[in-house]
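All remarks here apply to the structure that follows.
Values below: every heavy atom of this structure, side chains too, minus hydrogens, waters and symmetry copies.
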Amino acid sequence: MSYPDESQIHQLILLLLRNPDKFTSHERLTEDLNISIEILAQWVDSLKDQGLEVEFHPQLGCRLGGAPDLLLPELIKPQLQTVTFGKIIRYFLQVGSTNDVSHQLAQQGADEGTLVLAEDQSQGRGRLGRSWFSKRNAGIYASLILRPNLKPRDAPILNLVAAVAASEAIERSCGLKMDIKWPNDLLVNGKKCCGILAEMDADLNAIHYVILGIGINVNQSCFPKMLQGQASSLFLEGGQKYSRVKVLVEFLKSFEALYMELQSKGSHEVITRWIQNSSYALGRKVSVDLGGRQIHGTTAGLGKEGTLRVQLENGQIEEVVSGEVVAWR
């Protein structure tokens, strides 16, 4: 069987998208792609295996089942309003993890702002080794390669930058009110719809690169039983389907602007907007597992490095750099 590569996948899908719901003749497709009809049939089977609804008719040609909301670079780039982020895009119908692909590209010298996108992840992951449910063609599964001018100890604040950018991008593009739970969970109506995972490669004094992974539940209509009541999607909470391209483009614009602000002027703007966008930032009872001990208190905002400030029962303030929040009240 002949498997299409990335660029051939793009080209075939774009040809079919020119006339969604209508057949494109075999002659047109084979001529434009410079392949035989036998290879075309194999490529269509490959796309079917990866979740696309493609019909191959012996006489009429090929067509897509509807106009799918795909995250194709050719659909994203004309809408981008960024300087760097997303100017280089690696797109896959399916990968194990976009973060893993991004690590490989970063180690090979990929430019800052390189974006890795997938319609489906078989091994998506979140914080603390948890898995991330990645329903095919329904969410945004993306990773950005960053090469920030920061010290390794300051890198965790990138999680907060991404959380603020995602919150504000979703509100602008979908009209849904978002909430942020430290450090970077995004909630809509109290249910998680977005997760962020930053992974760093660094030595003691310098960051080589950071991979910023983000998963946004956009158009999922259901979740596994174990996630029901905890996870949701923009579709389930907003009652309508949303353009994944629009949400992604808004996120990239917001994230790039905040990322540049962080490096040029420090963390004040990010911290301020995080607190403004979070009902969990001030006055919420919280319990945090710090590995060897647990602390209990009330949230008192964020430190300038993005730490969670917790006022303990004795009045002292403890700044949590990392830890597992085991209870919010």
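Checked for salt-bridge contact, Arg273 and Glu269 meet the test: a charged N lies under 4.0 Å from a carboxylate O. Using a cut-off of 4.0 Å between Lys/Arg side-chain N and Asp/Glu carboxylate O, Glu119 and Arg244 are scored as salt-bridged. Using a cut-off of 4.0 Å between Lys/Arg side-chain N and Asp/Glu carboxylate O, Arg293 and Glu318 are scored as salt-bridged.
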For His26 and Phe56: C-alpha separation, side-chain torsions, deciding distance, then whether side chain to side chain contact (heavy atoms under 4.5 Å, CB included) applies. CA-CA 9 Å; His26 297 142; Phe56 185 96; 3.7 Å; yes
Apply ring-ring contact (aromatic ring centres under 6.0 Å, His included) to the pair Trp182 and Tyr280, showing each step before the final yes or no. CA-CA 7 Å; Trp182 189 88; Tyr280 291 82; over 10 Å; no
Between Gln42 and Leu40, is a side chain to side chain contact (heavy atoms under 4.5 Å, CB included) present by the stated rule, with each step listed? CA-CA 5 Å; Gln42 292 175 2; Leu40 175 63; over 6 Å; no
Could you please spell out the steps behind the side-chain hydrogen bond (donor to acceptor under 3.5 Å, both in side chains) verdict for Gln263 and Asn149? CA-CA 7 Å; Gln263 295 183 90; Asn149 182 25; 5.3 Å; no
Taking it one step at a time, do Glu112 and Tyr259 satisfy side-chain hydrogen bond (donor to acceptor under 3.5 Å, both in side chains)? CA-CA 12 Å; Glu112 177 168 71; Tyr259 177 76; 2.4 Å; yes
Between Thr98 and Arg90, does the side-chain hydrogen bond (donor to acceptor under 3.5 Å, both in side chains) criterion hold? Intermediate values first, please. CA-CA 10 Å; Thr98 58; Arg90 297 292 301 275; over 6 Å; no
Under the side chain to side chain contact (heavy atoms under 4.5 Å, CB included) rule, what do Val116 and Phe92 come out as? Steps first, then yes or no, please. CA-CA 8 Å; Val116 176; Phe92 302 88; 4.0 Å; yes
Evaluate the criterion side-chain hydrogen bond (donor to acceptor under 3.5 Å, both in side chains) for residue pair Asn217 and Gln220; output intermediate values, then yes/no. CA-CA 6 Å; Asn217 299 333; Gln220 287 90 335; 3.3 Å; yes
Does the pair Lys191 and Glu237 meet the rule for a side chain to side chain contact (heavy atoms under 4.5 Å, CB included), with working shown? CA-CA 9 Å; Lys191 299 174 185 175; Glu237 300 305 315; 3.7 Å; yes
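Residue Glu74 holds its CD atom at 9.5 Å from CG of Leu17, rounded to the nearest 0.5 Å. Ser267 contributes atom OG, which lies 8.5 Å from atom CG of Asp154 (distance to the nearest 0.5 angstrom). In this structure, OG1 in Thr299 is found 7.5 Å from CZ in Arg284, a value given to the nearest 0.5 Å. The distance from the CG atom of Leu72 to the CG atom of Leu117 is 9.5 Å, given to the nearest 0.5 Å. Atom NZ of residue Lys177 and atom OG of residue Ser167 lie 6.5 Å apart, to the nearest 0.5 angstrom. Atom CZ of Phe223 and atom OG of Ser232 lie 5.5 Å apart (nearest 0.5 Å).
Val321 and Leu302 fall into different hydrophobic clusters, defined by Ile, Leu, Val, Met, Phe, Trp and Tyr side-chain heavy atoms under 4.5 Å apart, directly or through other members. Linking Ile, Leu, Val, Met, Phe, Trp and Tyr residues whenever their side-chain heavy atoms come within less than 4.5 Å places Leu14 and Ile35 in a single cluster. Cluster annotation: Leu33 is connected to Ile13 through the hydrophobic network of ILVMFWY side chains, with a link wherever side-chain heavy atoms come within less than 4.5 Å. Side-chain heavy atoms closer than 4.5 Å link hydrophobic residues (I, L, V, M, F, W, Y) into clusters, and following such links, possibly through other members, connects Leu150 to Met260. Transitive grouping of hydrophobic side chains (ILVMFWY, heavy atoms separated by less than 4.5 Å) brings Phe255 and Val245 into a common cluster.
For the pair Glu171 and Asn277, the tightest heavy-atom approach, listed with the atom from each and the gap, is OE2-OD1, 4.1 Å. Residues Leu234 and Cys193 come closest through the heavy atom pair CD2-SG, 4.0 Å. Closest approach of Ile211 to Ser143, counting heavy atoms only: CG2-CB, 4.0 Å. Of all non-hydrogen atoms in Pro183 and Leu160, the two that sit nearest each other are O-CD1, 3.8 Å. The shortest heavy-atom contact between Ser243 and Lys246 is OG-N, 3.1 Å. The minimum heavy-atom distance linking Ser278 with Ile180 is given by the pair OG-O, 2.6 Å.
Under the 4.5 Å side-chain criterion, counting only non-hydrogen atoms from C-beta, Val54 is not in contact with Arg63. Taking the side chain as every heavy atom from C-beta outward, Ser287 and Val325 never approach each other to under 4.5 Å. Contact check for Trp43 versus Leu12: side-chain heavy atoms found under the 4.5 Å cut-off. Residues Cys62 and Thr24 form no side-chain contact, since every pair of their non-hydrogen atoms from C-beta on lies 4.5 Å or further apart. Looking only at side-chain heavy atoms (C-beta outward), Ile317 and Val310 stay at 4.5 Å or farther from each other. Looking at Val83 and Glu256, their side chains come closer than 4.5 Å, going by heavy atoms from C-beta outward. Between Leu105 and Ile145, the closest side-chain pair of non-hydrogen atoms falls below 4.5 Å. Residues Ser233 and Val218 are not in side-chain contact: their nearest non-hydrogen atoms beyond the backbone lie 4.5 Å or more apart.
Of the possible polar contacts, none joining the Asp179 side chain to the Val188 backbone as a donor-acceptor pair under 3.5 Å is found. For the pair Glu27 (side chain) and Gly61 (backbone), a donor-acceptor distance under 3.5 Å is absent. Judged by distance alone, with hydrogens and angles left aside, the side-chain atoms of Thr114 form a donor-acceptor pair with the main-chain N or O of Asp111 at under 3.5 Å. In this structure a side-chain-to-backbone donor-acceptor pair under 3.5 Å is missing from Lys77 to Gly86.
Shown here is Arg147, whose CZ atom has more than 12 heavy atoms of other residues, nucleotides or ligands within 6.0 Å. Heavy-atom neighbours of His57 NE2 from other residues, nucleotides or ligands within 6.0 Å: above the threshold of 12. Atom CD of Glu31 sits in a sparse spot, with 12 or fewer heavy atoms from other residues, nucleotides or ligands closer than 6.0 Å. Within 6.0 Å of atom CG in Asp203, more than 12 heavy atoms from other residues, nucleotides or ligands are found, so the atom counts as buried in its surroundings.
Using modelled atom types and a 3.5 Å distance limit, the side chains of Glu313 and His296 yield no donor-acceptor pair.
Leu282 meets the side chain to side chain contact (heavy atoms under 4.5 Å, CB included) test with Ile275; sequence neighbours excluded.
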